[in-house]
Amino acid sequence: MFDVVWRTGARIAAGSPEVLPWVTVIVSDVGRLGHVRPLGGGDASGVRRPAPGQPGFELAIFHGKQRLGLAYDGDGQPMDGRLDDLAPGRLVGLPGAMKGAADPLAASVAFVAGFDDTGHGPGRVHYPVPAPGGVQYAWGAGLHGCRRALHDGRMPAAARFVVADAIEGRALGWGATREEALAACMAEIAREMPERRSTLQTAVDDYDDDGNLIGRGELPDFLRLGGAGGAEAAPGDTPGYAPEGEAEASEMPEPEVDPITGQIDFGVMMIRGPVSDAPPVPKRAECVPLVLVPLDPSPTGAPTQGRWVRMLGALGVTRHAVRMKDGDGFLLVGADLLGHLDLRTLREDLDHLDAVADANPLVFPSPFPDTERYVRYRAREYCWQAERPATSEHPARPAGLVPSHPTGGPRFDAGGLDGDLLQGRVYRQHRVRRPVD
């Protein structure tokens, strides 16, 4: 059965190590942690549970940033469905395809198998051997590395391909051709093999003004996994992944385990698995997974202010924005907004919006004082609001930018800059200097 449902992406050709990363399906044991609800919500007390020795399973289906989780009992009957539809994707029709089907599992398999290869985006994953986290993890790690290289200005405007290792996204190569970018990335891998060494950041990590770590903050006891110094975590967008042998609880109460559902309750929190069953990637250059993304050129003609920069969306599509210096920080203005904004007065306009928004603590509350001293950057996004005529219920609303809640943290990671979103938004970031002790 799992051979039917399991897809790590469509191979470009028979025997090829390159795959289309979407649609990705991850199969795992179900119900080991968390509450199981019937499809459509409601009380789960009447839902059948897998009998001992007959564990259910879960399908985590991904298409870009969209995720659909489907849980089944030991008889293959659906117990729970959770669709993350905050990002565009092709999964919205899957719950409807299952509804009323005599065999919901077969219906879900047929729905996913019916996707053609259009709409997947230009990104590809070179996947020579199975890796922990699968293609989904590999795509996220490599995509973040490509975004960092675009953001920090290392990549020349003439580059038409970028390649990153799909383990941590540190080894990078780019060039005018795919072969040139691949060769450059493999040369970086030959110099230093990539490893999974990222750690889970906390709000109390201490960095200097140049982004160098001074001291790792301590997580609360109930969140610490793997001892002092933070918990090992996988980069990218794959939820629920923990490298094998690294998810050991520290100073936690003895958990209660449900022998049927596998749910583990620590009292103050629940943690969701599973651990990947793929072996570690062999430390050989030919076994390293890679992410390959073609790049479109920036628009012709210089903008009235700043310079063009390229970004990458969730599927590897090239997006465009104007980057402007803004004091000790920068502004990104998505290309879709350039016809609506005056770049010459944009900084002053944003200052006014910020002052109005920050004056309302009920809408935008102040940051936590215990973590304030560790903040090294602050950022805010602004969405375009269309004009709305007056109605009997609402007054007229002019068109303009609307600020979001401000964000910030101890260390900025450009891997999280989603080009799909930012092409239609303004992103403003300021550096925060470390206070003098």
Side-chain angles (χ1 to χ4, degrees), residues 2-28 57-70 84 87 89-91 94 108-109 112-113 115-147 162-171 178 182 185 189 194-196 198 233-244 273-282 286-294 312-317 415:
F2 285 175
D3 290 339
V4 177
V5 231
W6 180 269
R7 282 185 70 188
T8 56
R11 295 282 172 180
I12 301 301
S16 171
E18 290 187 17
V19 300
L20 286 164
W22 318 112
V23 171
T24 299
V25 179
I26 297 176
V27 183
S28 63
F57 61 95
E58 182 175 68
L59 305 182
I61 306 172
F62 298 88
H63 187 265
K65 295 184 71 173
Q66 192 174 63
R67 179 184 189 275
L68 175 64
L70 296 173
D84 177 7
R90 307 172 73 185
L91 305 180
L94 183 49
S108 64
V109 173
V112 173
F115 286 158
D116 56 28
D117 291 338
T118 62
H120 285 300
R124 300 293 182 265
V125 176
H126 176 85
Y127 197 66
V129 298
V135 173
Q136 170 69 11
Y137 175 95
W139 172 256
L143 175 65
H144 280 205
C146 295
R147 285 174 173 172
V162 57
V163 179
D165 80 84
I167 294 178
E168 60 178 341
R170 288 175 182 258
R178 178 180 178 278
L182 266 172
C185 183
I189 291 173
E195 299 179 15
R196 284 187 177 170
S198 60
D237 299 323
T238 304
Y241 172 80
E244 186 172 359
V275 172
S276 173
D277 58 1
V281 175
E286 66 271 17
C287 296
V288 174
L290 306 171
V291 162
L292 306 89
V293 182
L312 294 175
L315 303 180
V317 176

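This is a predicted model, so every value here is computed, not measured.
In this structure, Val125 and Leu292 approach most closely via the heavy-atom pair C-CD1, 4.4 Å. Among all heavy-atom pairs drawn from Gly121 and Val317, the shortest one is CA-CG2, 4.4 Å. For the pair Gly142 and Ala164, the tightest heavy-atom approach, listed with the atom from each and the gap, is O-CB, 3.6 Å. Of all heavy-atom pairs between Cys185 and Ala171, the closest is SG-O, 3.6 Å. Closest approach of His144 to Gly415, counting heavy atoms only: CD2-O, 3.2 Å. Minimum heavy-atom separation, Pro128 to Pro289: CD-CA, 4.0 Å.
With hydrogens and angles ignored, the 3.5 Å screen pairs no side-chain donor or acceptor of Arg170 with any backbone N or O of Asp165. Without hydrogens or angle criteria, Trp139 side chain to Ala314 main chain gives a donor-acceptor distance under 3.5 Å. Without hydrogens or angle criteria, Tyr137 side chain to Ala166 main chain gives no donor-acceptor distance under 3.5 Å.
Under the side chain to side chain contact (heavy atoms under 4.5 Å, CB included) rule, Pro194 has a single partner from Leu290, Ile167, Val281, which is Ile167.
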